[in-house]
Number of protein chains: 2
Amino acid sequence: MRNAEFDRQQVLRNAMYAFMGKGYSKTSMQDLTRATGLHPGSIYCAFENKRGLLLAAIDQYHEDRTCHLLALFAEDVPFKQKIQRYLDEIVAECLSCDVSQSCLLVKILTEVGEQDADVAAKVSAYLQQWQQALETAFATAIADGEIPSAPGAQASAQFLMMAIYGLRTYAHTHPHEQQLRQLTAMLTQQLLG
Amino acid sequence: MRNAEFDRQQVLRNAMYAFMGKGYSKTSMQDLTRATGLHPGSIYCAFENKRGLLLAAIDQYHEDRTCHLLALFAEDVPFKQKIQRYLDEIVAECLSCDVSQSCLLVKILTEVGEQDADVAAKVSAYLQQWQQALETAFATAIADGEIPSAPGAQASAQFLMMAIYGLRTYAHTHPHEQQLRQLTAMLTQQLLG
DNA sequence: GTTATTTTTGAACATTCATTCAAAAAAGAA
DNA sequence: TTCTTTTTTGAATGAATGTTCAAAAATAAC
């Protein structure tokens with residue numbers, strides 16, 4: 001027997017940054033060997049192929065972001081502040097100059113979603129999971145009287161997801177903090193009363 | 001002298017459908033020769049290279065969609081109905097099974113925007129042009145008293161563009177008419193009072 | 001009708017790609 | 001240590017890619 005030398009999480013995080021930067025097709029195996037420090041044979045030994053590395057990177061991305069989201073909403077601050085902070089973080093990401101500008105799940109979904117049903121299903125399920133977490137948060141906020149009952153937890157979570165997708169795309173053409181803040185302000189006004 | 005045999009608009013529309021379906025990278029020259037009916041040499045003679053064909057297809061797409069948008073907003077119906085119809089069309093596109101599900105400009109912007117500054121600039125300018133048209137329409141609607149003055153023409157146009165981006169992405173994970181209609185209903189309620 | 005210019009054709013090109021493979025290295029099991 | 005199994009290495013492979021090119025065809029101008 002022999003164990004792998006590399007740190008799997010580290011490798012997956014490097015791979016996901018590579019995929020976020022160039023997308024799946026344009027990220028070559030050469031890019032991936034450079035980003036991960038692994039030779040082609042090691043990648044194929046550990047992840048089967050390039051697509052397998054993508055799938056594993058998606059899993060890691062989802063795990064990392066889910067932890068972050070749950071931690072944020074577990075904090076002991078008013079619900080409105082949680083949403084506000086969440087949107088602030090997204091705006092900051094959109095404005096950052098590194099590759100984290102875009103969400104890996106959405107990037108992959110729009111790029112290869114139509115051609116690879118398995119990838120699309122996995123990514124869709126993960127996004128739906130986040131939407132469900134937001135819906136639960138909205139529901140408890142409504143039950144606690146922190147926000148008005150209209151338009152409801154489900155509708156609010158749906159709309160928030162849609163708006164986040166839109167915000168990230170909008171930032172591609174208008175990477176200006178002022179405009180993005182104006183958009184999130186309109187959004188919070190609608191969802192938080 | 002000799003004129004080209006093919007119908008340039010027809011070729012560009014076929015090319016843009018090909019690009020919309022698979023994106024830029026995954027659309028091979030073989031796909032393009034099949035879609036356009038042109039041999040490689042003809043494509044290079046007329047458009048210089050694959051990227052040139054993309055740029056020409058983007059121009060054609062923008063021209064087609066701009067004509068459609070202006071015609072819709074030139075109709076003699078209340079402003080609210082124009083917005084409603086516009087969103088209805090987008091929802092219908094999102095639900096259609098052919099490749100027109102996605103907007104070519106947004107698809108290309110998110111795929112190659114970070115790597116090709118010229119393409120990004122062209123696409124961004126075209127999207128901004130559409131946003132400007134919407135803003136003008138909102139402004140006259142406010143001036144005519146058709147909608148309340150808040151939140152203002154510029155903010156409304158920005159938010160609408162963002163929401164359309166988001167709606168198209170959201171449709172990738174939830175291609176269900178009911179949910180999309182719920183989202184557009186929340187949107188029109190906010191923007192049209 | 002002849003010439004000049006351009007497009008069309010489709011095979012050929014060089015390059016890049018994801019993938020494979022056999023040998024070498026490493027580590028757990030005996 | 002010795003054996004066995006797995007990972008690592010990095011060159012090799014074949015397929016697919018975007019692009020080029022020279023000959024052929026076609027049109028416009030004269």
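Just so it is clear: chains get the letters A, B, ... in the order the sequence lines come, proteins before strands, and each one is counted from 1.
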Separation of [X] atom [atom1] from [N] atom [atom2], in whole Å?
X	N	atom1	atom2	value
Y44(B)	dA12(C)	OH	C1'	14 Å
K50(A)	dT20(C)	NZ	P	14 Å
H39(B)	dA24(D)	NE2	P	16 Å
D7(A)	dT7(D)	CG	C1'	16 Å
L54(A)	dA18(C)	CG	P	12 Å
M29(B)	dC13(C)	CE	P	19 Å
R34(B)	dT17(D)	CZ	C1'	13 Å
K26(B)	dA18(C)	NZ	C1'	13 Å

Under a 4.0 Å threshold between the charged nitrogen and the carboxylate oxygen, would R65(B) count as salt-bridged to E93(B)?
yes
It should be established whether S42(B) places a side-chain nitrogen or oxygen under 4.0 Å from OP1 or OP2 of nucleotide dT7(C).
no
Which atoms form the tightest heavy-atom contact between K50(B) and Y24(B), and what is the distance?
NZ-O, 3.0 Å
For E146(B) against F79(B), the heavy-atom pair lying closest together:
OE1-N, 2.9 Å
Pick base, sugar-phosphate or nothing for T33(A), based on heavy-atom distances below 4.0 Å to the nucleic acid.
nothing
Would you mind telling me which residue lines up with the more 5' stretch of DNA chain D, N49(B) or G37(A), judged by nearest nucleotide?
G37(A)
dT20(D), dG10(D), dT7(C): which one has an atom nearest the side-chain heavy atoms of C45(B)?
dT7(C)
Of all the choices, dT9(C), dT20(D), dG18(D), which nucleotide is nearest to the side chain of S28(B) once you look at every atom?
dG18(D)
Assert: residue with more 5' nearest nucleotide on DNA chain C, out of G41(A) and Q30(A), is Q30(A)
Do Y126(A) and D59(A) pair up side chain to side chain, a donor and an acceptor below 3.5 Å, judged on atom types alone?
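Yes, a side-chain donor-acceptor pair sits under 3.5 Å.
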Evaluate the criterion salt bridge (charged side-chain N to carboxylate O under 4.0 Å, His left out) for residue pair D31(B) and K26(B); output intermediate values, then yes/no.
CA-CA 9 Å; D31(B) 291 332; K26(B) 283 216 173 73; over 6 Å; no
